[in-house]
Number of protein chains: 2
Amino acid sequence: MDRNYYIDSLKKSNFKITPQRLTVIDYVRSHSPGHFTAEEIFNSIKSEEPTITLATVYNILKALQSSGTVKTFETSGSTWFETNTDFHGNFVCSNCGKIYDIGIDEEGILSNVEGSGYSVQEANLILKGICKECLLDRD
Amino acid sequence: MDRNYYIDSLKKSNFKITPQRLTVIDYVRSHSPGHFTAEEIFNSIKSEEPTITLATVYNILKALQSSGTVKTFETSGSTWFETNTDFHGNFVCSNCGKIYDIGIDEEGILSNVEGSGYSVQEANLILKGICKECLLDRD
DNA sequence: AATTTGTTTATAGTAACTATAAATTCAAAA
DNA sequence: TTTTGAATTTATAGTTACTATAAACAAATT
Ligand SMILES: [Mn+2]
Ligand SMILES: [Mn+2]
Ligand SMILES: [Zn+2]
Ligand SMILES: [Zn+2]
């Protein structure tokens with residue numbers, strides 16, 4: 001995604017543009033699509049942004065989330081952030097820890113739920129198992 | 001589910017039967033189907049089991065989980081335990097906090113993922129939104 | 001340039017677990 | 001039925017991931 005997409009989305013939600021926010025945006029953009037913890041981002045950018053704190057990274061991610069450019073899900077005791085805002089499954093490999101995006105038919109799931117009278121704001125499908133690569137290595 | 005189903009499942013996995021484990025089993029059985037945190041269970045059973053600690057409740061839930069009678073998922077910063085081990089979605093209402101079980105076609109999702117070469121051990125669909133009841137009250 | 005309001009920083013605090021080791025108890029075997 | 005050994009519970013300390021607070025600072029509107 002274009003850098004301005006993140007900036008404009010922040011502006012549309014009345015968030016200010018700060019150097020710290022731009023640094024986080026540049027980080028997630030250059031690692032996109034990917035899955036990050038706040039701590040991971042914090043550790044990676046503190047050379048470039050030496051006064052930043054972990055609390056600020058959490059705040060920035062919350063701002064990005066509320067402006068719609070970042071999504072989250074929880075698993076293995078922590079919160080993961082990602083720039084892939086399309087509906088998809090997140091497959092966590094029990095062996096190597098990598099997280100993979102899996103295309104899933106949104107309509108099939110949501111029609112089911114909304115048909116039962118619920119109004120869905122957010123949906124997360126989290127899968128655990130062994131990934132392709134690890135299955136091959138296991139011989 | 002029958003009380004012996006939990007007991008036999010523990011035995012099959014070489015877990016011992018203790019009064020504390022039976023108390024937790026009785027609790028989840030009598031609130032089934034439901035969604036519990038470890039703390040919730042701990043607070044509810046400590047009148048009956050006055051020396052029990054929260055660590056023990058966590059241990060017991062881990063034993064039940066590994067013997068296959070209890071499943072878990074994470075959302076809103078904590079781990080939820082449930083006795084419904086069939087594949088289903090968990091809908092969390094943003095308004096009242098209640099969690100509802102939603103029937104979902106497992107085959108449709110898993111065929112998609114396993115078709116891509118992954119071996120799935122576990123799948124969790126977590127939905128957030130406004131529940132039926134809260135939608136009606138909102139007028 | 002001045003003002004306002006949002007943001008960052010530093011730091012303290014909390015919630016949800018997890019680890020450790022001693023005391024206890026379960027259950028299989030003698 | 002007692003003994004035995006491993007599993008479990010308990011008490012407690014520790015950790016991780018996150019949240020709150022308030023003062024210092026900076027962005028953006030005028
Ligand atoms: Mn993803
Ligand atoms: Mn459920
Ligand atoms: Zn793997
Ligand atoms: Zn509700």
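Numbered from 1 within each chain, the chains take letters A, B, ... in sequence-line order.
- Rounded to a whole Å, the CG atom of B:N59 is 13 Å from the C1' atom of D:dA11.
- Scanning residues 2-31 of chain A for heavy-atom distances under 4.0 Å to DNA chain D yields A:K16, A:I17, A:P19.
- For the residue pair B:D101 / B:H35, a side-chain donor-acceptor distance below 3.5 Å is found, with atom types taken as modelled.
- For the pair A:L61 CG and C:dT8 C1', the computed distance is 15 Å after rounding to whole Å.
- Rounded to whole Å, atom P of C:dT8 lies 7 Å from atom CD1 of A:I52.
- At whole-Å resolution of the value, CD1 in A:I60 and C1' in C:dT9 are 12 Å apart.
- If you take NZ of B:K46 and P of D:dT9, they are 18 Å apart, rounded to a whole angstrom.
- Summarising the geometry, atom CD1 belonging to A:I7 is positioned 5.0 Å from atom CG belonging to A:N4; distances are rounded to the nearest 0.5 Å.
- Side-chain N/O atoms of B:E49 and B:T23 include a donor and acceptor closer than 3.5 Å.
- Side-chain N or O atoms of A:S111 include one that pairs as donor or acceptor with a backbone N or O of A:G108 at under 3.5 Å.
- A:I102 is not listed as a side-chain neighbour of A:H88, based on a closest heavy-atom distance of 4.5 Å or more.
- Summarising the local packing, CD of A:E106 is surrounded by more than 12 heavy atoms from other residues, nucleotides or ligands at distances under 6.0 Å.
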Mind listing the N/O atom pairs, protein and nucleotides 16-18 of chain C, below 3.5 Å?
{"from": "C:dC17", "atom 1": "OP1", "to": "B:T79", "atom 2": "OG1", "distance (Å)": "3.0"}
{"from": "C:dC17", "atom 1": "OP2", "to": "B:T79", "atom 2": "N", "distance (Å)": "3.2"}
{"from": "C:dC17", "atom 1": "O5'", "to": "B:Y58", "atom 2": "OH", "distance (Å)": "2.2"}

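- Distances shorter than 4.0 Å separate some side-chain N or O of B:T51 from OP1 or OP2 on D:dT10.
- We find that CZ of A:F42 is positioned 14 Å from P of C:dT8, with the value rounded to whole Å.
- Using a distance-only test at 3.5 Å, with no hydrogens or angles considered, no donor-acceptor pair links the side chain of A:E82 to the main chain of A:P33.
- Whole-Å rounding puts the B:E49 CD to D:dA11 C1' distance at 16 Å.
- Relative ring orientation between A:Y118 and B:F91 is described as tilted, the plane-to-plane angle lying within the 30° to 60° band.
- Straight-line distance from the CD1 atom of A:I45 to the C1' atom of C:dT8: 12 Å, rounded to whole Å.
- At distances below 3.5 Å, at least one donor-acceptor pair connects side-chain atoms of A:T69 with backbone N or O atoms of A:L64.
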